[in-house]
Every structure is written in C-alpha cells, then in structure tokens.
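I have placed the structure first, in the form of structure tokens, so that the comments after it can refer back to it.
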Amino acid sequence: MSIGISMCRAGRTRTAEELLGDADTAAYEAKARGRERWIVFDDQLQAAAQRRLDVESGLRMAIANSDIEAFFQPIVSVRDGRTIGAEALVRWRTADGVLGPGQFLDVAEDAGLMPDVGKIMIDATIAAAEHFATIGCPINMSLNVSDPELKVPGFCDALIARVLEAGLEPSSFLIEITESAVLAIDPALPVLRQLRGAGFRIGLDDFGTGFSSLAHLRELPIDVVKVDRSFVADLPTDPVTHAVTASLVSLCGALALDVVMEGIETPDQAAAVLEIGGTVAQGYLYHRPMPIDDLESVLMAER
Ligand code: C2E
Ligand code: MG
Ligand code: MG
C-alpha cells in the first residue's frame, strides 16, 4: 500500500481540494519510491510538483507555438567517420536556450503529451528526409518512439501513410524503441510486426540498460541493436566491459542484427569499437545533435 499524507500547517491556507491534491502527489511519490510506504507532502514535493506544472503548461504552449523541434545527430561509419544516417532528437526552444529531452520528456509522458510531441518529431523527420532526398543527399533517419505513441490507435497506419505520401521508402527509417516500451505495450509484437511488414526497420535502443534480455534479441522483430553508451565509456579500459561488449557484437552478428554503438566520445573508444567488430556509431567525437541546417552542411561537405 502507498499512502500520501498532507497537512495544513499553522499560518497557511489550503482548500480541501488543494489538500487532497497534495496528498495525491505524495501518494504518487510513495509509489514512485517503490510502494509499501507513506510520504508526507512537504516543501520539496511542493517544489517538484510546481516544476511539473510549470513545465507542463510551458510545454503545451511550446507545442502550439512550434517551439518543439527536431535536432539531428549523424550516425557514422567508424572506419572513416562518414555520415550514413541521422537520429532525430527532440528539443524545446525557449527564450533561455534549447532544452533537451531530459528536462521535459518525463513531464510530457505524465501529462499525456507524448503523442503530440511524437507527431511533431515524425513530421519534422519526414520533412527533413524529403528535403535531403530532393537536394540529392538521401539519408536514413532514426526516430525514437515511446510506448504511449505506439499505443495510439492507428499509429502505424498514419506513419506508413505519411512516409509513402512523401515518396520515401519506409526502409530508410529506423524506428527506435526501448525494451521497457516493448514490455509496457500490450500487445507490442503486432505493432512492431506491422511496422516491419511495411518495410520500416526496428531498432532496440539503449541495449544493455534495464532488462537486456538475450531472449529479446532472438524473439523480437528487430533489425538493429543500439548498444548503450555505458558500454562504450569503459570499453578501452575495463576488460570485463570489453569481453561483454565484444560478445554482444558477435552475438548480434550471428543473429544478423546490425549494431550501432552509442556515445563515442574519444578516439580510444572508437579504436576499441573497431577492434571488437563494431562498424557503425554515433557520438560527440563525430558530431553532436544539430539543427537541420547544420546537418545539411555536414552532408554537403562530405559530398
Ligand atoms: P537516445 O535515443 O539513446 O539518444 C541518444 C542520446 O545520447 C541523445 O541524448 C544524444 O544527444 C546523446 N549522445 C549522443 N552521443 C553522445 C556522446 O558521445 N556522449 C554523451 N554523453 N551523450 C551522447 P538526448 O538528445 O538528450 O536524448 C535523450 C533521450 O531522450 C534519447 O536517448 C531518447 O530516449 C529520448 N528522446 C529524444 N528524442 C525523442 C523523441 O523525439 N521521442 C521520444 N519518444 N524519445 C526521445
Ligand atoms: Mg534513440
Ligand atoms: Mg540510445
């Protein structure tokens, strides 16, 4: 059982509704901390709740005002650093600068705004792919899709229609999902199979965090495994990480799965990736996520 407690302290005024709301927030916190406990609503929870409210209302405005946009991070060949694709990553443009998903995606999820954010990202990514095809630099695009989006009825049909309308090949899109999303969607398999049946490629993101079930590698309808950057970080220095990652890369090869190594930051890491047979990567060593105009400059320069 999870219990949330709120009190009206001396000198403060709270309506009954506010008090119940506070207790509700505290009960949620009790659940988030693993249930079987009670939490008293305090100033810290108050501040966190206020932050969420502020982020949520700001986000709603940003969605309406087109302040949510896609940045793109090149995915490269480790051998020569050349761009072979790009991953679309959501950004929120504010007066104080550009915010990353870590600063608002949790709130978007709780507030049920992921489908709206996802729609913006799909539109932006298809538009970008269309643009690069038109200027003679066709490029494969990766899209992150969360479980609330996959659960929207008709999600697959709409995505397939959008890509075909734009005259693009579904096979030039990688749909990135996480294992936790796969487990959260019931039923996930038909959705993934429908996307794959239409020609999309499916990628398992952040592999190595969370469950990292080898059974998933074998059983899920996937084409690509994105190995989490925590593996890459210690690859050159830690023999155990090296052994595990090398085995993972060779296992993926045996299962005919493509591998993308995430988060390459140093030449040592790139060398270690090559040494264990990794050929495709993304990371700050090559490029940071960037606006579409900068991606165009990268592609033009490489041409
Ligand atoms: P992800 O899909 O695993 O994306 C890779 C993240 O790693 C990006 O963070 C990227 O900027 C970061 N990264 C890339 N190279 C390096 C590196 O060399 N070092 C380090 N330290 N980090 C690197 P970002 O953009 O903050 O995105 C974080 C996560 O938010 C993504 O992880 C993805 O799970 C989620 N996300 C981003 N955009 C979307 C979206 O449009 N829809 C959904 N559903 N999720 C998204
Ligand atoms: Mg991703
Ligand atoms: Mg990832």
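Whatever order the structure lists them in is the order used to number ligands and atoms, beginning at 1.
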Look at [atom] and say which protein heavy atom is nearest, naming residue and atom and giving the distance to 0.1 Å.
atom                    : answer
atom 5 (C) of ligand 1  : E262 OE2, 4.0 Å
atom 39 (C) of ligand 1 : V90 CG1, 3.7 Å
atom 42 (N) of ligand 1 : N144 O, 3.3 Å
atom 21 (N) of ligand 1 : E265 OE2, 3.0 Å
atom 31 (C) of ligand 1 : L89 CD2, 4.3 Å
atom 12 (C) of ligand 1 : R229 NH1, 4.0 Å
atom 1 (P) of ligand 1  : D205 OD2, 3.7 Å
atom 15 (N) of ligand 1 : Q73 NE2, 3.1 Å

Legend entry - Flag if over 12 foreign heavy atoms under 6.0 Å of CZ, R51: yes
Inset, instruction - Write out all pairs satisfying ring-ring contact (aromatic ring centres under 6.0 Å, His included) with one or both partners inside residues 119-164, taking only residues at least two apart or from two chains. - result: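 Every pair satisfying ring-ring contact (aromatic ring centres under 6.0 Å, His included) with a residue in residues 119-164: there are none.
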Inset, instruction - Apply side chain to side chain contact (heavy atoms under 4.5 Å, CB included) to A166 and list each qualifying residue two or more places apart in sequence or on a separate chain. - result: I126, E130, L168
In this structure, does ligand 1 have an atom that sits under 4.0 Å from one of the heavy atoms of [X]?
X    : answer
R288 : no
E87  : yes
P289 : yes

Inset, instruction - Identify the two heavy atoms, one from I75 and one from S142, that lie closest to each other, and give their separation to 0.1 Å. - result: CD1-OG, 3.7 Å
Under 3.5 Å: donor-acceptor pair, side chain of [X], backbone of [Y]:
X    : Y    : result
S66  : A62  : no
T83  : G85  : no
E18  : R14  : no
Q282 : I264 : no
E176 : L143 : no
N144 : A88  : yes
R82  : E302 : yes

Inset, instruction - Could you please spell out the steps behind the salt bridge (Lys or Arg N to Asp or Glu O under 4.0 Å) verdict for E87 and K226? - result: CA-CA 12 Å; E87 175 173 9; K226 298 193 74 173; 2.9 Å; yes
Would you indicate which of [options] comes nearest to [atom] when only heavy atoms are counted?
atom                    : options               : value
atom 36 (N) of ligand 1 : V232, L143, I68, L105 : L105
atom 13 (N) of ligand 1 : Y286, F207, Y284      : Y284
atom 26 (O) of ligand 1 : S142, G203, P101      : P101
atom 3 (O) of ligand 1  : D206, V260, I75, I264 : D206

Inset, instruction - For S146, take its heavy atoms, then give the atoms of ligand 1 lying under 4.0 Å from any of them. - result: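 Near S146, the atoms of ligand 1 are 44 (N).
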Inset, instruction - Under 4.0 Å from a heavy atom of E149: give me the atoms of ligand 1 that qualify, with their elements. - result: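 It comes down to these atoms of ligand 1: 44 (N).
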Inset, instruction - Is it possible for you to say whether V259 and I202 belong to one hydrophobic cluster, with membership spreading through side-chain heavy-atom contacts below 4.5 Å? - result: yes
List, one per line, each side-chain donor-acceptor pair under 3.5 Å for residues 99-115, sequence neighbours excluded.
unit_1, atom_1, unit_2, atom_2, d
Q103, OE1, G100, N, 3.0
D110, OD2, R52, NH2, 2.2

Inset, instruction - Please report how many protein N/O/S atoms lie under 2.8 Å from the Mg ion (ligand 2). - result: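 Considering protein N, O and S only, the Mg ion (ligand 2) has 4 within range.
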Legend entry - Between E169 and S172: side-chain donor-acceptor atoms closer than 3.5 Å: no
Legend entry - 4.0 Å protein heavy-atom contact status of atom 9 (O) of ligand 1, strictly under: no
Inset, instruction - Between M114 and ligand 1, find which residue part has any heavy-atom pair under 4.0 Å and reply side chain, backbone, both or neither. - result: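 For M114, the contact with ligand 1 is made by the side chain alone.
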